[in-house]
Amino acid sequence: MKNRLKVLRAERDWSQQQLADLLEVSRQSVNAIETGRYDPSLPLAFRIAEVFELAIEDIFQRDA
């Protein structure tokens with residue numbers, strides 16, 4: 001699954017640790033999601049969408 005997490009985080013000038021703290025996950029989890037090595041659970045995807053005030057579909061896209 002592709003995602004815009006890194007771009008959205010950079011637009012807000014947040015570090016991976018700052019985002020991890022907001023999401024209550026580890027910095028390594030944020031890194032793994034950003035690099036596509038880990039797809040977040042549905043509850044985590046909803047938390048990410050809430051933090052960025054976007055719809056899940058605006059952050060995550062299926063691979064073509």
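All values derive from a computational prediction rather than experimental measurement.
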Rounded to the nearest 0.5 Å, what separates atom [atom1] in [X] from atom [atom2] in [Y]?
{"X": "Lys6", "Y": "Asn31", "atom1": "NZ", "atom2": "CG", "answer": "8.5 Å"}
{"X": "Leu44", "Y": "Asp39", "atom1": "CG", "atom2": "CG", "answer": "10.5 Å"}
{"X": "Arg4", "Y": "Glu11", "atom1": "CZ", "atom2": "CD", "answer": "6.5 Å"}
{"X": "Ile33", "Y": "Leu23", "atom1": "CD1", "atom2": "CG", "answer": "7.5 Å"}
{"X": "Asn3", "Y": "Ile56", "atom1": "CG", "atom2": "CD1", "answer": "12.5 Å"}

With the 4.5 Å side-chain cut-off for hydrophobic clustering, are Val7 and Phe60 part of the same group? no
For a salt bridge (Lys or Arg N to Asp or Glu O under 4.0 Å) check, start with the C-alpha distance between Arg9 and Glu34, then their side-chain angles and the critical distance, and finish with the verdict. CA-CA 10 Å; Arg9 180 177 58 77; Glu34 285 185 355; 2.5 Å; yes
Could you tell me if Arg27 and Gln16 have a donor-acceptor pair between their side chains, going purely by distance under 3.5 Å? yes
[X] versus [Y], closest heavy-atom pair with distance:
{"X": "Glu24", "Y": "Arg47", "result": "O-NH2, 4.4 Å"}
{"X": "Ala55", "Y": "Ala49", "result": "C-CB, 4.2 Å"}
{"X": "Arg12", "Y": "Leu8", "result": "NH1-O, 3.0 Å"}

Does the side chain of Trp14 reach to within under 4.5 Å of the side chain of Val30, using non-hydrogen atoms? no
